[in-house]
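Heads up: the structure comes next, in structure tokens.
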There are 2 protein chains.
Amino acid sequence: MLDQNSRLRPISKIALQRLPYYLNYLKKKQKEAVKNISAPMIANGLSLNEVQVRKDLAIVSANGGKPKTGYVIDILIGDLEKFLGYDNVNQAVLVGVGQLGKALLSYKGFDDYGLEIVAAFDTDQNKLDLTINDKCIFHMDKLKDLCERLKIHIGIITVSAVNAQAVCDQLIECGVLAVWNFAPVHLKVPEHILVQDENMASSLAVLSRHLAETIEKTN
Amino acid sequence: MLDQNSRLRPISKIALQRLPYYLNYLKKKQKEAVKNISAPMIANGLSLNEVQVRKDLAIVSANGGKPKTGYVIDILIGDLEKFLGYDNVNQAVLVGVGQLGKALLSYKGFDDYGLEIVAAFDTDQNKLDLTINDKCIFHMDKLKDLCERLKIHIGIITVSAVNAQAVCDQLIECGVLAVWNFAPVHLKVPEHILVQDENMASSLAVLSRHLAETIEKTN
DNA sequence: TAGATTGTTAATCGATTAACAATC
DNA sequence: TAGATTGTTAATCGATTAACAATC
């Protein structure tokens, strides 16, 4: 139960990352006209432990659930969206307009998660002044001016591994507080800056190993 | 130290995901003509604990390091690449040729990680028989035939959240053993099937919260 | 009332970090 | 030899899961 006049409730990163799964599941159930839902039900739907679900929801839920009936689904969805900050929009810039950069620029779904990419940057002359999904592509020269003027706090890095650290340094110089890094490198940043890695090489390592183990077992 | 005639060395998922970072760092140093490298050096370069680095390398390295000098960088790189299976190629199919699917199809870098996307599938008539980066796009009808014929073990899901579970079920039906899931949903799969999630909604939750916390502190 | 479910405290598990002997 | 570094055992830390009283 979350008291009204509280500050931000502490939550671990790993728990935080589970919340969008709850939200997705609850919205699905909501569409099926389900009105109440219990932790054991959610746990079953998402293959989680039911105590874990209850603990996660205790952080998020303003008024908690009721024994026997569980949580009111509409209220719980609202609490999750509020906790995840989907109501207030965070603006971001994207650096590196390659295939992946273009894909992220084109993606319309970020609105739902409270993210707005306001502009993209690249050094390639051929890409400049193009528009993708109504987002302009500027030269890196203009990064600082735009970020400071619009008080941008999120930088998305979709440049190659070799350039990622330099771009990261520039973004921080421009006042960015959180970096979404798609380059397969470790970025060194000051203590108060957050780097969220989306490292496909790491994911592929997990996939490849699972296959190796599975195939070994069948021998 | 890894004895020659061993089976696959056990490793935790979280340690496995660190290995590509080591590899990237070592290759960078190799380019700088560094010949030997120590765990404390790597730990410093990647902002990790040095004991953790040594334990990770102990799993991967065939002959270990030497006190005082550390590891021979060329050998360690070879050991890592072998451990990660970058020498033998895993074939994959991709389902869902939207913006993200196209970006992944276009990406040339997967070769380096031992992944080859052999074909893509969609249900949209307009996308069929197109070719992206030499990869054909087929109708879902042809999924099973192709997967079974080529013995495909990896399925990449880049369809929308609502369709992801159905696509996942089909892939498993086709003999896929590991699923790389870009849809922001939890997929239910049999025990022996691995799902590796690339959930951008989870990442955004982390970014958004960091901003909320940082901004709260400045008030 | 009976029992499903909540919220929370205690126990377990796994990963990280500290301590330390061995060695090049 | 002296000391940096290795590999490993022990201690710590945090997250997950089990146990249980409270309650609708």
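Order of the sequence lines fixes the chain letters, A, B, ..., with proteins taken first and strands second; residue numbering starts at 1 for each chain. These figures come from a predicted structure and were not determined experimentally. Atoms considered below: every heavy atom in the structure, side chains included; atoms not considered: hydrogens, waters and symmetry mates.
- Taking the side chain of A/S38 as heavy atoms from C-beta on, and the options C/dT5, D/dT17, C/dT16, the nearest nucleotide is C/dT5.
- In this structure, CD1 of A/I11 is placed 11 Å from P of D/dT16, rounded to the nearest angstrom.
- Taking only side-chain atoms of B/I14, from C-beta outward, the nucleotide of C/dT16, D/dT8, C/dT8 with the closest atom is C/dT16.
- When side chains are defined from C-beta on, A/L204 counts as touching B/F110, because their heavy atoms get closer than 4.5 Å.
- Side-chain contact between B/R18 and B/Q52: present, with at least one pair of heavy atoms (C-beta onward) separated by less than 4.5 Å.
- For the pair B/L57 CG and D/dT8 P, the interatomic distance rounds to 13 Å; values are reported in whole Å.
- A/K55 places its NZ atom 10 Å from the P atom of C/dT8, with the value rounded to the nearest Å.
- The interatomic distance linking B/R9 (CZ) with D/dG7 (C1') rounds to 12 Å, in whole Å.
- Contact annotation for A/K68: base contact, defined as any heavy-atom pair under 4.0 Å involving a base atom.
- Heavy-atom nearest nucleotides on DNA chain D were determined for B/G70 and for A/R18, and the one closer to the 5' end corresponds to B/G70.
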For DNA chain D, what is the dot-bracket line, given that a base pair needs Watson-Crick (N1 to N3, plus N6-O4 or O6-N4) or G-U wobble (N1-O2 and O6-N3) geometry with both distances under 3.5 Å, and | means paired with another strand? ..||||||||||||||||||||||
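- A straight line from CD1 of A/I73 to C1' of C/dT5 spans 16 Å, rounded to a whole angstrom.
- Ranking C/dT6, D/dT5, C/dT16 by closeness to the B/P40 side chain, first place goes to D/dT5.
- Between C/dT6 and A/R54, a contact under 4.0 Å exists linking OP1 or OP2 to a side-chain N or O.
- We find that CG of A/D56 is positioned 15 Å from C1' of C/dT6, with the value rounded to whole Å.
- The neighbour count for B/K188 NZ, taken as heavy atoms of other residues, nucleotides or ligands under 6.0 Å away, is above 12.
- The nucleotide whose nearest atom lies closest to any side-chain atom of A/V51 is, among D/dA18, C/dG7, D/dT9, D/dA18.
- Remark: P of C/dT5 and CG of A/L76 are 16 Å apart, rounded to the nearest angstrom.
- Between B/K217 and B/E213 there is no salt bridge, since none of the side-chain N atoms of the basic residue sits less than 4.0 Å from a carboxylate O of the acidic one.
- Checking B/N163, B/L187, B/V185 one by one against B/I157, the side chain to side chain contact (heavy atoms under 4.5 Å, CB included) holds for a single residue, B/L187.
- Residue contacts shown for B/A15 are absent, as no nucleic acid heavy atom lies under 4.0 Å away.
- Annotation: cation-pi geometry not satisfied between A/R54 and A/Y71 (NZ/CZ under 6.0 angstrom from ring centroid, within 45° of ring axis).
- In this pair, A/F182 and A/W180 present their aromatic rings tilted. The plane angle is within the 30 to 60° band.
- Ion pair A/E32/A/K28 not flagged as a salt bridge, since none of the NZ, NE, NH1 or NH2 atoms sits closer than 4.0 Å to an Asp/Glu carboxylate oxygen.
- One finds no side-chain N or O of A/Y71 lying less than 4.0 angstrom from the OP1 or OP2 phosphate oxygen of D/dC24.
- Here C/dT16 is the nucleotide among D/dC24, C/dT16, D/dA4 with the atom lying nearest to any side-chain atom of B/Q52.
- Between A/K13 atom NZ and C/dA15 atom C1' the separation is 15 Å, expressed in whole Å.
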